[in-house]
Amino acid sequence: MSDALTAPVVHLLKAGVLYQGDAPLVWEQILAQQAAIGDYLAVIGLDVVVDRAEGYAYVRQQDSEARDDGPPCRGWSPATGSPSPSA
């Protein structure tokens, strides 16, 4: 991730909802880098939502129908990092 994306992405992930008035500099970075932030977050299954008129932004999980990485993994085993045989 580039340095230009670090602050806005971290703020979005930590804040829940980021309001323009609460962090105006970060808000401007989000507006300027919205496409790049969206591309970065899409890799981990998240969407960035920006409402310019209302002055807020947040991150949400992508709709499972919009994702193209296959069905969710059931019975994942932390020991092996793969599905368990019983799944």
Side-chain angles (χ1 to χ4, degrees):
M1 173 171 35
S2 74
D3 289 343
L5 297 181
T6 301
V9 167
V10 168
H11 273 80
L12 285 167
L13 291 173
K14 289 178 69 176
V17 177
L18 185 129
Y19 295 96
Q20 177 181 4
D22 292 344
L25 295 176
V26 176
W27 175 256
E28 291 303 320
Q29 291 174 323
I30 291 169
L31 295 182
Q33 300 289 332
Q34 184 175 352
I37 292 168
D39 291 345
Y40 180 79
L41 293 173
V43 173
I44 57 173
L46 299 173
D47 287 326
V48 62
V49 178
V50 177
D51 188 323
R52 291 173 183 245
E54 296 294 324
Y56 66 85
Y58 63 93
V59 173
R60 68 177 176 201
Q61 188 172 353
Q62 287 179 344
D63 182 12
S64 62
E65 294 175 7
R67 296 191 60 172
D68 62 357
D69 59 353
C73 183
R74 304 230 190 288
W76 180 80
S77 167
T80 63
S82 61
S84 62
S86 63

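Of all non-hydrogen atoms in Ala7 and Gln29, the two that sit nearest each other are CB-OE1, 3.8 Å.
The other residues sharing a hydrophobic cluster with Val17 are Tyr19, Val49, Tyr56, Tyr58, where clustering joins ILVMFWY side chains under 4.5 Å apart.
Taking the side-chain contact (heavy atoms from CB on, under 4.5 Å) definition, one finds that Gln20 meets it with Trp27, sequence neighbours left out. Taking Ala36 as the reference, Leu5, Gln33 meet the side-chain contact (heavy atoms from CB on, under 4.5 Å) condition, with sequence neighbours excluded.
Under the 4.5 Å side-chain heavy-atom criterion for Ile, Leu, Val, Met, Phe, Trp and Tyr, Leu25 and Val50 are members of distinct hydrophobic clusters.
Here the CG-CG distance, from Leu13 to Leu41, works out to 6.0 Å after rounding to the nearest 0.5 Å. The distance from atom CD of Gln61 to atom CD1 of Ile44, rounded to the nearest 0.5 Å, is 10.5 Å.
With Leu12 as the partner, the side chain to side chain contact (heavy atoms under 4.5 Å, CB included) test is satisfied by one option alone out of Leu46, Val48, Val26: Val48.
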